[in-house]
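Here is how names work: the chains are called A, B, and so on, in the same order as the sequence lines, proteins then strands, and each is numbered from 1.
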Amino acid sequence: MQGYLKEELQKVLKEKYNLSGVEFKVQRPKRKEFGDLATNVAFILSKHLKRNPFEIAQELARELGKNPSFESVEVAKPAFINVRFSKDYYYGVLKDILTKGFDYFRENLGLGRRVQVEYVSANPTGPLHLGHGRGAVVGDVISNLLEFYGWDVTREYYINDAGNQIRMLGISILYRYLELMLSLIYEGAYSSQSYLFAPPGEATKKDKLYARISELFREIGEEFEQNGYRGEYIKELAQKVYDLYREQILELPKEEAITFLSEFGLKEMLEEIKRDLEDFGITFDVWFSEKSLYQTRYVEKTLNYLREKGLLYEKDGAVWFKTTEFGDDKDRVVIKKDGSYTYFASDIAYHYNKYLRGFHKVIDVWGADHHGYVPRVKAAIKAFGVPENWLDVELVQLVKLFRDGKEVKMSKRAGNFVTLRELLDEVGKDVIRFWFITKRSDTPLEFDIDKAKEESSENPVFYVQYAHARISGIFREVLNRKGFDAEVEFEFKPELLNSETELELIKHLATLRDELISIAQSREIHLLPNLAVELVKRFHYYYNHYRVMVDDEELMKARLALLKAIRTALRLIFHFIGISAPERM
RNA sequence: GGGGGCGUAGCUCAGCAGGAUAGAGCGCGGGGCUCCGGACCCCGAGGUCGCGGGUUCAAAUCCCGCCGCCCCCA
């Protein structure tokens with residue numbers, strides 16, 4: 001309805017003042033005496049026209065008042081124009097929702113254009129933690145919205161499988177594997193005849209194993225101590241390696257063993273990450289490997305392209321990219337002194353690749369600790385001649401976890417972080433998804449596990465889901481008692497809903513359409529939970545004050561229609577947030 | 001040192017492309033179906049919008065400075 005009013009106003013501005021493209025605001029007033037929608041357009045015009053805003057408001061109101069969709073158009077105090085829509089307009093809204101369902105709320109903002117949303121992209125060297133989980137929800141919810149509003153969305157996960165950290169994963173697994181082997185030997189494994197017997201003058205098989213373990217410990221021990229991954233999951237991986245390959249790993253040369261275990265660990269971790277995300281309601285269209293950028297020589301090609309444009313130079317034995325020419329505060333290294341590429345190099349190549357894949361827009365959801373990285377990547381994009389706003393970066397701040405009123409400190413290196421999986425098992429998908437987007441994503445989130453769990457009945461997630469279950473329950477009851485099936489399409493007389501409360505509810509649904517569109521445009525997804533709570537509050541109020549199952553069958557049908565419309569809106573919001581819409585609780 | 005963010009009710013947070021009497025949930029105090037799901041509803045208390053300036057018809061909202069906390073870079 002905001003869109004409708006804006007269009008009507010623009011028409012009037014064009015006809016009466018020959019103005020177009022004037023930016024003004026149409027919003028729902030805080031107090032309902034001020035009508036359904038209010039606009040500040042007269043204030044804005046007073047600057048353009050250099051006239052008293054109040055007079056302008058009166059002129060505009062007179063024009064708008066001619067339109068039958070408006071019941072009244074009034075001018076208030078300084079120069080607000082307050083508009084009230086007619087009942088028929090609202091009854092039309094209700095009918096629309098019943099016949100069109102989700103489509104009533106739809107608007108083709110994307111025009112079928114392709115957009116890529118890249119999110120999570122966590123290093124596959126460990127399980128997902130809460131910060132990843134938050135990024136996952138943010139990316140997923142944004143994708144849901146864009147998809148609904150007419151964009152062709154590709155959800156993508158960028159796998160950092162090329163750097164040194166993958167080798168470190170292999171070393172870490174090897175280290176734990178060696179520990180495991182050692183303890184097995186101490187516990188008496190490898191004590192059978194074949195291991196203890198040896199021809200005179202030769203070491204036993206067991207001794208050889210022991211010697212090899214010691215040797216490898218010496219070779220990788222220091223590296224592990226310095227940079228190894230310490231989490232329990234590494235030990236689990238080592239156990240898995242042992243279960244599959246027994247002592248065979250020891251027979252490989254050191255580097256081969258590390259490579260083998262790196263790849264093994266990578267594959268296992270990716271599978272685990274994929275599982276966790278699926279249980280979190282998240283799937284990706286593309287899992288994009290960083291390594292593949294090297295294998296297809298994409299990094300090389302990208303750098304050549306930049307070199308031809310004269311944007312690379314050598315200094316101190318390294319190769320630099322003149323990002324300062326595109327707004328960065330200093331140039332950046334793309335090839336280090338030792339000849340290896342920097343992460344930045346592959347990131348440029350990756351974004352160049354995204355561009356060549358033909359996305360109209362790209363949204364990267366990153367951890368906020370990468371925010372210093374944004375100007376660099378944006379600079380690279382400009383160097384490719386891509387418009388700057390082609391790439392949007394959504395920064396997602398940390399999640400602080402509280403248990404028993406105390407913060408649970410997390411460190412990935414020390415391995416004492418809480419994984420997404422643990423939280424998922426403890427409080428469930430819906431609760432996490434809902435809470436993770438209740439706060440603007442660029443500010444840190446405090447997640448109180450006790451509140452999320454113990455007070456589940458006082459939890460807003462359950463509050464909104466309860467409303468959905470309640471409506472469904474009523475429908476079941478109506479079918480039982482009255483033999484009327486509200487789940488199928490039915491005729492009703494909207495004009496029977498003429499109480500203040502009922503009209504307000506329909507208005508609210510019409511407003512909701514505007515607000516959802518605005519959220520999709522601004523990507524302010526943290527407002528979605530609010531919207532759900534607000535709608536549900538009105539529903540519960542209505543339910544407590546009006547009976548649905550009344551003897552007057554026509555009235556009952558009209559009220560059922562209203563509940564059904566509310567349920568449709570709820571389902572849509574739940575769909576965006578990615579939580580379930582339970583039929584019963 | 002440079003950059004970014006945050007500071008609104010006891011707690012967690014909305015509101016901030018300026019707009020009318022600053023909102024929600026939780027918590028707290030009081031109340032509400034013999035009847036469609038009480039995981040609900042109603043009423044109430046609770047705020048110098050961190051502090052100080054500026055911009056203007058109008059500032060929680062924009063600008064400047066300061067204080068406090070967090071993050072990134074060097």
* To do: Starting from C1' on rG37(B), measure out to CZ on Arg476(A) and report it in whole angstrom.
  => 9 Å
* To do: Report the distance from atom CG of Asn459(A) to atom P of rG27(B), rounded to the nearest whole Å.
  => 11 Å
* Asked: Using the P atom in both, what is the distance from rC70(B) to rC13(B), to the nearest Å?
  -> 15 Å
* Structure fact -> Residues pairing under ring pair (Phe, Tyr, Trp, His ring centres under 6.0 Å) where one sits in residues 545-571 of chain A, two or more places apart or in two chains, turn out to be Tyr541(A)-His545(A), Tyr542(A)-Tyr546(A)
* Give one of base, sugar-phosphate or nothing for Ala467(A), where a contact means two heavy atoms less than 4.0 Å apart. => nothing
* Not counting sequence neighbours, list each pair that qualifies as a salt bridge (charged side-chain N to carboxylate O under 4.0 Å, His left out) and has a residue in residues 363-376 of chain A. => Lys354(A)-Asp364(A)
* **Atom CD of Glu495(A): over 12 foreign heavy atoms under 6.0 Å** => yes
* Evaluate the ring planes of Tyr373(A) and His370(A), with Trp represented by its six-membered ring, and classify them as parallel (under 30°), tilted (30 to 60°) or perpendicular (over 60°). => perpendicular
* Asked: Tell me, which of residues 507-528 of chain A have any heavy atom that sits under 4.0 Å from an atom in RNA chain B?
  -> His526(A), Leu527(A)
* Leu527(A) CG to Glu524(A) CD distance, which is reported to the nearest 0.5 Å -> 5.0 Å
* Which of the following nucleotides, rC41(B), rG37(B), rG25(B), is nearest to the side chain of Pro460(A)? -> rG25(B)
* **Identity of whatever pairs with rG68(B) - Watson-Crick or G-U, under 3.5 angstrom** => rC6(B)
* Measure the acute angle between the ring planes of Trp366(A) and His351(A), then classify it against the limits of 30° and 60° as parallel, tilted or perpendicular. => perpendicular
* **Base-pairing mate for rG46(B) - Watson-Crick or G-U, with both contacts under 3.5 Å** => none
* **Below 4.0 Å: OP1/OP2 of rC41(B) and any side-chain N or O of Tyr463(A)** => yes
* To do: Round to the nearest Å and state the distance from His370(A) atom NE2 to rG3(B) atom C1'.
  => 17 Å
* Asked: With nearest nucleotides of RNA chain B determined for His540(A) and Tyr546(A) from heavy-atom distances, which residue corresponds to the more 5′ nucleotide?
  -> Tyr546(A)
* Asked: Quick one: does His371(A) reach the base of rG5(B) with a side-chain donor-acceptor pair under 3.5 Å?
  -> no
* To do: Would you indicate what Lys330(A) reaches in the nucleic acid, counting non-hydrogen atoms under 4.0 angstrom: base, sugar-phosphate, or nothing?
  => sugar-phosphate
* To do: Sort out the partner of rG37(B) for me: Watson-Crick or G-U wobble, both distances under 3.5 Å, none otherwise.
  => none
* **rG54(B) to rG31(B) separation - C1' atoms, rounded to the nearest Å** => 50 Å
* List for me each residue that meets side chain to side chain donor-acceptor pair (under 3.5 Å) alongside Lys382(A), sequence neighbours excluded, and say none if there are none. => none
For nucleotides 6-10 of chain B, which of its nitrogen or oxygen atoms have a protein nitrogen or oxygen under 3.5 Å away, and what is each distance?
{"unit_1": "rC6(B)", "atom_1": "OP1", "unit_2": "Arg440(A)", "atom_2": "NH2", "d": "3.3"}

* Asked: Does anything in residues 548-572 of chain A reach RNA chain B, meaning a heavy atom under 4.0 Å, and if so which residues?
  -> Val548(A), Met549(A)
* Which ring pair (Phe, Tyr, Trp, His ring centres under 6.0 Å) pairs, counting each pair once, include a residue from residues 562-585 of chain A, with sequence neighbours left out? -> Phe148(A)-Phe576(A)
* **Counterpart residues, side chain to side chain donor-acceptor pair (under 3.5 Å), relative to Asp514(A) (two or more places apart)** => none
* To do: Take atom P in rG65(B) and the same atom in rG2(B), then report the distance between them in whole Å.
  => 11 Å
* Determine, answering yes or no, if Tyr543(A) is stacked on rC40(B) under the 5.5 Å centre rule and the 30° plane rule. => no
* Sticking with atom P, work out how far rC49(B) lies from rG53(B), rounded to a whole angstrom. => 13 Å
* Asked: For Arg481(A), which contact category applies under a 4.0 Å heavy-atom criterion: base, sugar-phosphate, or nothing?
  -> sugar-phosphate
* To do: Check the distance between rC40(B)'s P and His468(A)'s NE2 and give it to me in whole angstrom.
  => 17 Å
* Asked: Partners of Lys361(A) by side chain to side chain contact (heavy atoms under 4.5 Å, CB included), sequence neighbours excluded?
  -> Val115(A), Trp151(A), Asp392(A), Arg523(A)
* To do: Specify the separation, in whole Å, of atom CG of Leu531(A) and atom P of rC13(B).
  => 19 Å
* To do: Would you please name every residue forming a side chain to side chain donor-acceptor pair (under 3.5 Å) with Glu59(A), sequence neighbours left out?
  => Tyr17(A), Arg51(A)
* To do: Specify the separation, in whole Å, of atom CZ of Arg538(A) and atom P of rA24(B).
  => 12 Å
* By side chain to side chain donor-acceptor pair (under 3.5 Å) - contacts of Trp435(A) (at least two apart) -> Asn459(A)
* **Closest-nucleotide 5' rank along RNA chain B - winner of Gly473(A) and Trp435(A)** => Trp435(A)
* Asked: Once the angle between the rings of Phe70(A) and Phe85(A) is folded into 0 to 90°, is it parallel (under 30°), tilted (30 to 60°) or perpendicular (over 60°)?
  -> perpendicular
* For Phe436(A) and rU12(B), give me the distance from atom CZ to atom P, rounded to whole Å. => 17 Å
* Report the distance from atom NE2 of His545(A) to atom P of rC40(B), rounded to the nearest whole Å. => 14 Å
* Asked: Is it the case that more than 12 heavy atoms not belonging to Asp551(A) sit under 6.0 Å from its CG atom?
  -> no
* Examine the base of rA20(B) for any acceptor or donor lying under 3.5 Å from a partner atom in the side chain of Asn82(A), and report the outcome as yes or no. => yes
* Asked: Roughly how far apart, to the nearest Å, are rC28(B) and rC72(B) at atom P?
  -> 38 Å
* Structure fact -> Applying the 3.5 Å cut-off to both distances, the Watson-Crick or G-U partner of rG25(B) turns out to be rC11(B)
* Say you pick atom P in rC16(B) and the same atom in rA74(B); how far apart are they, in whole Å? -> 35 Å
* Asked: According to the salt bridge (charged side-chain N to carboxylate O under 4.0 Å, His left out) rule, which pairs have a member within residues 463-480 of chain A, sequence neighbours left out?
  -> Glu477(A)-Arg481(A)
* Asked: Across the strands shown, which category fits Tyr466(A) at heavy-atom distances under 4.0 angstrom: base, sugar-phosphate, nothing?
  -> base
* Under 4.0 Å between any heavy atoms, over every strand shown, what does Tyr542(A) touch: base, sugar-phosphate, or nothing? Just pick one. => nothing
* **rA24(B) to rC43(B) separation - P atoms, rounded to the nearest Å** => 10 Å
* P atom, rG10(B) versus rG50(B): distance in rounded Å? -> 13 Å
